[in-house]
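All chains are named by letter (A, B, ...) in the order of the sequence lines, taking the proteins before the strands, and each is independently numbered beginning at 1. Everything numeric in this text was worked out from a predicted model, so none of it was measured.
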Amino acid sequence: MLDIRLIRNEPEAVVAALARRGEDTSAIDELVELDGRRRAVTSERDELRAEVNAVSKQVGEAFRDGRREEAEALKAKSKAAGEREKALDAEVAELDEKVRDTLLRIPNLPSADAPDGAGEADNVVLRTVGYDPEAYGEHQRVPHWDIGVELGILDNERATRISGAMFSMYRGAGARLLRALVQLSLDRNGDAYEEIRPPTLVRTDTMISTGHLPKFSDDAYHMERDDLWAIPTAEVPLTSLGAGEILDESDLPMRFMAYTSCFRREAGSAGRDTRGLLRSHEFDKVELLAYAAGEEQGKACQEDVLARSESILTDLGLAYRVVDLCTSDLGNSAARTWDLEAYAPGCDLWLEVSSVSWFSDYQARRANIRYRPADGGPPQVIHTVNGSAMGWPRTWAALVETHRRPDGTITVPEVLRPYLGGGETIGA
RNA sequence: GGAGGGAUGGCAGAGCGGACGAUUGCGACGGUCUUGAAAACCGUUGAGGGGCAACCCUCCGGGGGUUCGAAUCCCCCUCCCUCCGCCA
């Protein structure tokens, strides 16, 4: 959520920044007005409160000194003020809630260096690595859903029978490959990122902190009976790890990683890109996340996550490109996002396998995570950064398609072999 | 699921209707002393909001109530702990 003081002091700047997203900015004018009213009523209420406090004190003194009559008179005076105060207090509460509700629905301001744009087409490809369209043979032009069936390593037909459309099931070497990918990624990031195994069901508050609620409730699975949400990404519990806390600047940046299932209803995208592993309701992901002291450190952390994710793709022998999301394609909470897209030759698609974002203090303000500056100043809201390392189904797909040999078997990239008992081939 | 006990500042832990934003200890920070450090001693040290400022208001898990006045009394909720039951 944005800082209300920023909206108050520089509404034009906020409107201009939101306009870069193509966002309707009328909520800002509304907020400025609401906030003004709220502050006026609040100070009026506070004055009355101060009066009640002062008079009450006198009541006590009068009683102690035995001045009964005076005490009774003061009591009546205080009671009258108290009643007016109560009415104003209700009004303040209502305005507070309105301000917060409005604030929660306003997206983050894009970073100054995020490219402007009106849609996906305006995203900027920063670099393409290892891609040569001429280099792929016919044997690599087989989509993973066919390879999966052919080798018996993917069984979405039965997954569908068990859970419905857009669920998947890995089998045998396919399941092992998936686990190897997860483990590789955890192992190589363990030097700097603390491994966490968080809960995958979370409270409403937790979903609000990352910005997944209140606006995007249709995208998430909700367990009505217990009022819990299935996480769409480990970003949700990891971001809230430090909720409500004041950290020491010397401990920052703090870095965490988690391997979890992720659950997405994919409302509105039914039937789109649903073949094979392109899009499913449940998938595995390893997430890297950092708490940073301010913008400079935050941006450095974003670079670190990106570099780490890229190196995994490189080591897996996959072609990929880095895409700088334009302002209109940016997620609600993000200020700057780089997507990593791996090339899958079989389905001839660039698959988004990672999304590395800097959220400035937007999420941390919602989660109320702060740090105490080393110079002793007042607590500051931290910055958050996160990125996938990686989203595994799509990586699995790109890998299987890329490394398919003419005989239909799959070459296991060297880095994965230790995790597969030294095995060099799948499907032999 | 049943019974009981809790939730107070960075942490520990008092307070149980008015002088309490809160005793105290630890920690942290500043100073004295010291070649330096430690120890000792002195001092400072919660968060949020409003105001140019003096200063004012709010916050003792959350919400409601009683009262002129609530950290303190009452009700509801959440969470934690102990015991019992059940269960992976």
Between [X] and [Y], is there a side-chain N and carboxylate O pair less than 4.0 Å apart?
X: A:Arg404; Y: A:Asp146; result: no
X: A:Glu33; Y: A:Arg37; result: yes
X: A:Glu83; Y: A:Lys79; result: no
X: A:Asp3; Y: A:Arg5; result: yes
X: A:Asp35; Y: A:Arg39; result: yes

Taking any strand in view, what nucleotide pairs with [N] in a Watson-Crick or G-U wobble way, both distances under 3.5 Å?
N: B:G21; answer: none
N: B:G4; answer: B:C81
N: B:C73; answer: B:G65
N: B:C16; answer: none
N: B:C29; answer: B:G43

Short side-chain N/O contact from [X] to OP1 or OP2 of [N], under 4.0 Å:
X: A:Asn368; N: B:A47; value: no
X: A:Arg49; N: B:U58; value: yes
X: A:Arg38; N: B:G49; value: no
X: A:Arg39; N: B:G51; value: yes

Using the [atom1] atom as the reference point in each nucleotide, state the distance between [N] and [M] in Å, no decimals.
N: B:C60; M: B:G5; atom1: P; value: 23 Å
N: B:A88; M: B:A3; atom1: C1'; value: 25 Å
N: B:G85; M: B:G10; atom1: P; value: 40 Å
N: B:U82; M: B:U72; atom1: C1'; value: 26 Å
N: B:G6; M: B:C74; atom1: P; value: 12 Å
N: B:C80; M: B:C26; atom1: C1'; value: 23 Å
N: B:C68; M: B:G4; atom1: P; value: 34 Å
N: B:U45; M: B:G25; atom1: P; value: 15 Å

Nearest-angstrom distance from the residue atom [atom1] of [X] to [atom2] of [N]:
X: A:Glu51; N: B:G69; atom1: CD; atom2: P; value: 13 Å
X: A:Ile246; N: B:G46; atom1: CD1; atom2: C1'; value: 8 Å
X: A:Glu245; N: B:G10; atom1: CD; atom2: P; value: 11 Å
X: A:Arg100; N: B:G49; atom1: CZ; atom2: C1'; value: 15 Å
X: A:Glu72; N: B:G69; atom1: CD; atom2: C1'; value: 14 Å
X: A:Arg45; N: B:G49; atom1: CZ; atom2: P; value: 14 Å
X: A:Glu85; N: B:U67; atom1: CD; atom2: P; value: 15 Å
X: A:Glu44; N: B:C57; atom1: CD; atom2: C1'; value: 14 Å

Residues A:Ala173 and A:Ile153: closest non-hydrogen pair is CB-CG2, 4.1 Å
The residue, A:Lys75 or A:Asp35, whose nearest nucleotide of RNA chain B is more 5′ is A:Asp35
